[in-house]
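What follows is one structure encoded as structure tokens, with my remarks underneath.
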Amino acid sequence: MAGRYHGRPACSNVAGPAAPSLETGRRDAYSAGMAGQSWDFDLVTIGAGSGGVRASRMAALAGARAAVVEESALGGTCVNAGCIPKKLFVYASHFSDDFADAAGFGWTVGARSFDWARLLANKDREIERLNGVYARLLDDAGVTRLEGRATFVDAHTVEIDGRRHTAANVLVATGAAPVLPEVPGGEHALTSGQMFHLPALPARVVIIGGGYIAVEFACILHGLGVAVTLLHRNPLFLRGFDDDVRRTLAEEMRRRGVDLRFGVRVTRIERHGDERRVVLEDETALATDAVLCAIGRRPLTAGLGLERAGVATGPAGAIVVDEYSRTSAPSVWAIGDVTDRIQLTPVAIHEAMALVRTLFGGVPTKPDHEDVATAVFSQPAVAAVGLTEAEARARYGDVVVYRSTFRPLKHTLTGRDERAMMKLVVDRASDRVLGAHMVGPDAAEIVQGLAIAVKMKATKAAFDATVGIHPTAAEEFVTMRGPV
Ligand SMILES: Cc1cc2nc3c(=O)[nH]c(=O)nc-3n(C[C@H](O)[C@H](O)[C@H](O)COP(=O)(O)OP(=O)(O)OC[C@H]3O[C@@H](n4cnc5c(N)ncnc54)[C@H](O)[C@@H]3O)c2cc1C
């Protein structure tokens with residue numbers, strides 16, 4: 001119901017700690033608002049996604065009167081159309097390998113078939129459960145839930161379906177949305193969100209894009225038996241990842257049968273009945289059943305009325321923030337994808353935690369964007385933390401690189417011709433490990449642990465002094481001795 005209150009009612013008397021000015025220690029917008037005026041809330045957050053839920057929940061637990069506005073499902077992109085449904089699809093897509101690999105271990109797997117509708121229904125049920133978990137978490141913390149689309153009236157007031165709510169602080173956590181290609185027929189392409197609700201699994205899919213979402217969907221669909229062609233305008237996909245990782249993954253995906261085409265440009269998409277044709281610059285036309293466009297996600301700021309609040313945006317529409325996530329309007333803050341810093345769920349959550357400490361914990365806290373570990377749930381998987389070799393050379397000059405390429409033990413019996421690659425980038429002067437990179441099974445699980453060592457600025461000598469767990473792939477990270 002639009003504009004409906006959930007949780008505890010708003011009250012107009014103001015309570016809670018006054019935040020010191022971020023740099024000088026004087027009372028700032030939060031406390032200034034509190035001193036002179038009565039607000040409905042101490043914090044109103046627009047968007048109940050990864051960042052918004054965490055911020056409003058922690059703010060309420062810290063004693064603030066917090067409200068969160070959501071126009072769609074609780075949990076945002078991650079829960080409803082991102083990380084969670086995607087990872088469930090990744091699991092689904094792995095079974096084709098597992099069935100094939102089982103033979104090497106003596107198993108005979110009988111007739112098998114895949115039911116897309118059942119996967120969707122089971123996925124939807126789990127997401128509905130998570131939506132409920134988020135609602136309970138917010139309610140239990142005492143956050144007021146407001147349903148509907150919020151727009152700014154001014155820097156302290158938001159409007160939802162004609163009802164106005166005032167706040168000492170407003171947090172924008174509206175996330176980002178996928179963009180479609182600006183070519184004729186671009187509207188015939190699907191975006192990632194629609195992939196989670198396709199009525200039937202297409203036999204052929206052309207994917208346009210070279211980021212992690214494009215790569216992950218290429219592997220998911222291939223694993224489910226779809227003929228996949230991935231088109232990317234650059235010479236290689238996964239910009240921002242280490243070049244060895246990018247090359248290794250491209251080789252492995254091609255070996256598996258994914259048609260990767262780099263350095264190509266789409267000029268138009270045609271629709272012929274149920275068929276789509278993706279036409280390239282050289283007039284090559286690729287016939288397909290569906291086109292997935294994953295060329296990036298634009299911060300969701302259009303129509304919010306940011307100008308009425310005095311909130312400045314950058315070229316891609318991202319909200320410009322300072323190191324404390326404060327916008328150009330002193331009472332308005334922004335976190336998560338809408339700021340286009342690092343578009344990942346744990347980053348949005350980290351920014352939320354820092355902001356709550358700043359506003360309600362009395363400790364001005366900057367979010368830390370260094371050494372954020374990240375993964376691509378491709379097949380084989382990719383994960384990395386810290387600097388790529390190229391970044392390390394640019395920043396530190398003299399770096400030592402350790403690299404190991406090997407066939408995972410499991411595949412000695414499966415016969416699968418697949419390599420894993422691990423790489424450490426080390427600063428020669430300090431011996432500090434600047435970056436760890438991996439392509440191979442369980443890469444994300446392995447690199448998450450390593451990320452602590454990299455964050456703690458562990459040296460290569462500390463890696464060398466660590467006794468491995470045998471037999472694992474992960475032990476390779478502590479047994480690489482000879483630099484390349
Ligand atoms: C296909 C896909 C896969 C992904 N996989 C991963 C992954 O594996 N790991 C990872 O870390 N990240 C992943 N991400 C990214 C991750 O989902 C985002 O970084 C994260 O959700 C950002 O959180 P947020 O709080 O900034 O925004 P969101 O989670 O997008 O939440 C924003 C919320 O604001 C609401 N909203 C917007 N405007 C208004 C308004 N005016 N009024 C009321 N409500 C509004 C929206 O409905 C939404 O619920 C993936 C994303 C996609 C699309």
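In each ligand, atom 1 is the first atom listed, and ligand 1 is the first ligand listed.
The CZ atom of Arg118 sits 15.5 Å away from the NZ atom of Lys123 when rounded to the nearest 0.5 Å.
The shortest N or O to N or O distance between Ala81 and ligand 1 is not below 3.5 Å. At least one N/O-N/O distance between Ser50 and ligand 1 falls below 3.5 Å. Between Asp337 and ligand 1, an N or O atom pair is found at a separation short of 3.5 Å.
Counting protein heavy atoms only, atom 31 (O) of ligand 1 is closest to Gly49 CA, 3.3 Å. The protein heavy-atom contact nearest to atom 20 (C) of ligand 1 is Thr345 OG1, 3.4 Å. Summary of contacts: the protein heavy atom closest to atom 14 (N) of ligand 1 is Tyr212 OH, 3.0 Å. Nearest non-hydrogen protein atom to atom 27 (O) of ligand 1 is Gly175 CA, 3.3 Å. The nearest heavy-atom contact from the protein to atom 6 (C) of ligand 1 is Cys83 SG, 3.3 Å. Nearest non-hydrogen protein atom to atom 38 (N) of ligand 1 is Thr174 CG2, 3.3 Å. Of all protein heavy atoms, the one lying nearest to atom 42 (N) of ligand 1 is Ala150 N, 3.0 Å. For atom 8 (O) of ligand 1, the nearest non-hydrogen atom of the protein is Lys86 NZ, 2.4 Å.
Under a 4.0 angstrom heavy-atom cut-off, Gly303 registers as lying outside contact with ligand 1.
Phe241 and Tyr212 have their aromatic ring centers separated by at least 6.0 angstrom. For Phe99 and Phe114, the gap between ring centers reaches or exceeds 6.0 Å.
Ring geometry, His232 versus Phe262: the interplanar angle exceeds 60°, so the pair is classed perpendicular (tilted spans 30 to 60°). A tilted orientation is assigned to the rings of His165 and Phe41, their planes being inclined by 30° to 60°.
Side-chain polar atoms of Thr288 and Glu275 form no donor-acceptor pair below 3.5 angstrom.
In Gln448, the CD atom is not crowded: 12 or fewer heavy atoms of neighbouring residues, nucleotides or ligands sit closer than 6.0 Å. The local environment of CZ in Arg298 is sparse, with at most 12 non-hydrogen atoms from other residues, nucleotides or ligands closer than 6.0 Å. Shown here is Asp274, whose CG atom has no more than 12 heavy atoms of other residues, nucleotides or ligands within 6.0 Å.
With a 4.0 Å heavy-atom cut-off, ligand 1 is reached by the side chain of Ile46 but not by its N, CA, C or O. Neither the backbone nor the side chain of Thr151 comes within contact range of ligand 1; no heavy atom lies under 4.0 Å. Looking at Glu70 against ligand 1, both its backbone and its side chain come within 4.0 Å, counting heavy atoms. Residue-level proximity to ligand 1 for Ala375 is absent, since no heavy atom of it falls below 4.0 angstrom.
Each of the atoms 1 (C), 2 (C), 52 (C), 53 (C) of ligand 1 lies under 4.0 Å from some heavy atom of Ile213. Atoms of ligand 1 lying under 4.0 Å from at least one heavy atom of Ser72, given by number and element, are 47 (O). If you number the atoms of ligand 1 from 1 as listed, the ones under 4.0 Å from a heavy atom of Leu344 come out as 10 (C), 11 (O), 12 (N), 19 (O). Close approach to Gly51 involves these atoms of ligand 1, each under 4.0 Å from a residue heavy atom: 25 (O). Taking every non-hydrogen atom of Arg149 and a distance limit under 4.0 Å, the qualifying atoms of ligand 1 come out as 40 (C), 41 (N), 42 (N). Ligand 1 places these atoms under 4.0 Å from at least one heavy atom of Leu304: 41 (N). Interface atoms of ligand 1 facing Gly148, defined by a heavy-atom separation under 4.0 Å, are 42 (N), 43 (C). Atoms of ligand 1 found under 4.0 Å from any heavy atom of Pro346 (numbered from 1 in listed order, with element): 11 (O).
Between the side chain of Thr157 and the main chain of Val153, no donor-acceptor pair closer than 3.5 Å is present. Of the possible polar contacts, none joining the Arg255 side chain to the Glu418 backbone as a donor-acceptor pair under 3.5 Å is found. Although no hydrogens or angles enter the test, the distance criterion places a donor-acceptor pair under 3.5 Å between the side chain of Glu216 and the main chain of Phe377.
Residue nearest to atom 44 (N) of ligand 1, selected from Glu71, Lys87, Glu216: Glu71 (by heavy-atom distance). Between Gly336, Cys78, Gly75, it is Cys78 that holds the heavy atom closest to atom 17 (O) of ligand 1.
In this structure, Leu198 and Pro202 approach most closely via the heavy-atom pair CD1-CD, 3.8 Å. Of all heavy-atom pairs between Ser325 and Pro367, the closest is OG-CG, 4.0 Å.
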Stepwise salt bridge (Lys or Arg N to Asp or Glu O under 4.0 Å) check, Arg149 with Asp161: CA-CA 7 Å; Arg149 177 167 179 72; Asp161 293 319; over 6 Å; no
